[in-house]
Amino acid sequence: MKHNSHPTISLKPVYTPEDLNDFNYRQDLNDPGAFPYTRGRMSGVRSSWVQRGLSGEGDASRSNEQFKYLIQQGQTGIDVIGDTPTMICMDPDHPFSVPTVGTQGVSLCCLYDYLGLFKDIPLDSIAISSSIPNIFTLSGLYLAAKKNGFDTDKLRGSVIQSPFFFEECGYTAHLPFPLRLRLTLDSIEFCLKKMPKFHSFLENTYFFSETGLTTDEEIAFGFVEMRHTIRQLLKRGLEIDDIARHIVWLVNCRMDFFEEIAKIRATRRIFARMMRDEFGAKNPRSQSLTMTCHTSGIALTAQQPFNNIVRGAIQCAALVMAGIQAIEISAFDEPFRTPSPESHLVSLRTQQVIDLESGIGKVHDPLGGSYLVESLTNQMEQKILDGVRKVEALGDPADLSAKGWFKKFFEDSMERYHKDIESKQRIKVGTNVHQMPEHEDTMLRDVAEAKIQPYIWHVERIRRYKERRDRDTIKEALLTLKHTARDTSDNLMDSILEAFEKGATIGEITGALRTAYDCPYDPYNKMASPL
Amino acid sequence: MKKIRVLIGMMGLDQHEAGAISVSRLLRDAGMEVVYMGRFNSSDMIIRAALQEDVDVIGLSFHSWDFLYYVPEMIEMMKERDITIPIIVGGSVITKDDANKLRAMGTADAFCPSAADHEIIESINTIARQGSERDE
């Protein structure tokens with residue numbers, strides 16, 4: 001039987017000094033905390049990483065309780081996922097939203113929801129990372145912090161910026177590419193001024209690599225998106241050293257243990273050289289990349305869900321060896337749902353056992369100097385750089401995105417991944433080998449298969465909330481936003497914040513932005529425009 | 001011999017398309033004609049397209065629990081309009097228990113994530129053949 005999980009780079013039985021021709025320690029590795037940061041951005045006594053889990057379900061109040069429980073159990077960061085309507089900027093009372101409100105994340109459609117979400121959460125001392133669309137997660141956090149008396153200069157956390165891929169491969173909000181790019185640039189620019197400690201530019205390669213991309217493709221596409229976005233920010237007159245220190249990269253991690261470690265090390269090295277040599281960044285902080293990870297969902301299986309706990313532990317160990325700054329382990333019930341209380345705890349305890357019992361995290365880059373890992377890192381670096389060159393040689397990446405080139409690539413990747421499992425080219429224990437009859441595969445199934453019912457009462461609450469507002473005030477704020485959006489030289493964040501603070505919802509604000517770009521207010525033609 | 005025509009679609013706001021695309025390509029490679037509706041459909045849109053395209057089977061893919069809402073709605077809507085095109089349902093979140101309930105509810109078949117490619121193909125072949133025998 002084959003015993004690898006289909007790596008990008010095939011492994012040999014043994015590695016020797018001959019695999020590292022022309023190896024130069026100072027040039028290729030150097031010490032931890034020194035250029036090119038292959039071994040990580042920090043030096044000295046190694047501190048722990050941010051330990052968190054994907055959270056958010058039901059409404060704001062339910063999710064607030066979830067945050068507090070996880071913090072009480074030792075979680076050191078918060079990561080928020082919205083339900084599907086929230087992720088695609090639609091209100092819960094939209095007819096298409098109703099069956100899914102609160103079932104796969106938290107429903108957040110107005111400032112009132114964000115105030116409930118962050119009630120009694122120490123926003124000045126815990127990092128809030130979010131998968132929710134940039135303008136709303138920033139508006140909600142910024143306004144909630146202000147209203148609760150926190151200094152917004154101290155806010156820490158991150159927000160996904162993915163003008164290329166989020167719409168095509170993650171969550172489709174029916175926003176044209178120029179608007180998506182503008183919202184990315186405007187929100188990053190806003191944060192540089194108003195939330196200076198916040199990682200406003202999170203390059204997320206997790207979600208699109210879940211189509212089954214190889215590890216080098218994942219990172220190459222991430223660099224293509226990041227480089228395009230940086231160039232646009234520089235065109236606005238921003239300095240590279242101001243931009244770069246706000247960048248953080250969230251990668252995927254599947255089951256190819258050494259390859260994932262090599263990927264992370266190669267990414268840091270490429271980033272450092274790109275920042276210094278291509279973009280002219282001078283500050284060491286601008287050259288040393290902060291990296292975080294959400295472990296792979298597609299590496300997990302619906303069959304024998306207990307196996308997923310083992311997978312999470314292996315992935316977490318790899319990430320700690322690679323020197324990652326924050327980790328979220330996809331919970332064992334990931335194939336079925338957002339994490340249950342039980343799976344949240346297992347994922348968190350997995351990190352804590354590795355952190356506090358194993359000693360894996362005591363040494364920076366413990367695999368540095370390994371013939372295998374250095375050879376893989378070199379090969380991975382070359383593959384990633386080749387991938388970036390190939391894609392950029394095809395023309396303006398923005399045009400490629402608009403034409404659906406990436407979408408087609410992802411679709412082909414999905415098919416390849418599926419066929420690899422079906423043909424056993426990719427081994428999945430419990431799925432294509434060592435299967436069990438369904439009647440025996442019962443361990444943890446009751447937890448994994450428990451369903452969350454839609455929060456219908458929350459839909460009613462939002463309907464009542466909308467009726468209570470002063471319609472003229474909302475309309476005026478939305479018209480101001482639309483007018484601002486027509487002028488592409490203005491930053492939209494102030495108008496978005498004003499509308500949000502006055503009570504407009506995410507569906508209304510997004511609708512106003514769409515109409516400014518001559519798109520329908522509601523892409524499904526079910527909601528009347530208040531404009 | 002007439003090719004089997006299968007409509008594949010997703011409902012409501014369900015975003016994750018991997019399963020629908022994989023199954024569509026699988027059926028295409030098995031010699032069937034696939035009418036791919038993609039994401040963001042309502043029950044009415046699927047039924048109207050199925051009639052216009054004269055498909056033998058309607059295939060619905062779900063990555064979320066929305067199937068609990070949409071499948072009964074579609075079955076009811078088809079009963080009201082006296083339409084008998086068989087519906088099959090598949091998805092990453094569908095459990096064995098869900099599959100049994102969906103079949104009891106009136107779907108022609110339902111597939112869990114453990115379903116092998118050949119099982120899906122054989123099931124659709126059987127359902128479509130039974131449908132054409134009824135029509136004759």
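Note that the structure is a prediction, hence the values are computed from the model and not measured.
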Measuring heavy-atom distances to chain B, does M90(A) have an atom under 4.5 Å in its side chain, in its backbone, in both, or in neither? side chain
Donor-acceptor table for chain B and chain A, threshold 3.5 Å:
{"from": "Q15(B)", "atom 1": "OE1", "to": "T172(A)", "atom 2": "N", "distance (Å)": "2.7"}
{"from": "E17(B)", "atom 1": "OE1", "to": "K407(A)", "atom 2": "NZ", "distance (Å)": "3.4"}
{"from": "R25(B)", "atom 1": "NH1", "to": "D412(A)", "atom 2": "OD1", "distance (Å)": "2.9"}
{"from": "R25(B)", "atom 1": "NH1", "to": "E415(A)", "atom 2": "OE1", "distance (Å)": "2.5"}
{"from": "R25(B)", "atom 1": "NH2", "to": "D412(A)", "atom 2": "OD1", "distance (Å)": "3.2"}
{"from": "R39(B)", "atom 1": "NH1", "to": "T172(A)", "atom 2": "OG1", "distance (Å)": "3.0"}
{"from": "R39(B)", "atom 1": "NH2", "to": "T172(A)", "atom 2": "OG1", "distance (Å)": "2.8"}
{"from": "D98(B)", "atom 1": "OD1", "to": "K451(A)", "atom 2": "NZ", "distance (Å)": "2.9"}
{"from": "D98(B)", "atom 1": "OD2", "to": "K451(A)", "atom 2": "NZ", "distance (Å)": "2.9"}
{"from": "D117(B)", "atom 1": "N", "to": "E422(A)", "atom 2": "OE2", "distance (Å)": "3.3"}
{"from": "D117(B)", "atom 1": "OD1", "to": "H418(A)", "atom 2": "NE2", "distance (Å)": "3.1"}

Could you tell me which portion of P85(A) (side chain, backbone, both or neither) has an atom closer than 4.5 angstrom to a non-hydrogen atom of chain B? both
Pick from C112(B), P113(B), G91(B), A18(B): which one has the most heavy-atom pairs with chain A under 4.5 Å? A18(B)
Within 6.0 angstrom of M105(B) CE, more than 12 heavy atoms from elsewhere: yes
Side chain, backbone, both or neither: which part of L13(B) has a heavy atom under 4.5 Å from chain A? both
If you look only at pairs with a residue in residues 298-308 of chain A, which of them pass as a salt bridge (Lys or Arg N to Asp or Glu O under 4.0 Å), with sequence neighbours excluded? none
Is it the side chain or the backbone of I452(A) that comes within 4.5 Å of chain B heavy atoms, both, or neither? both
Which atoms of L26(B) approach chain A - backbone, side chain, both or neither, heavy atom under 4.5 Å: neither
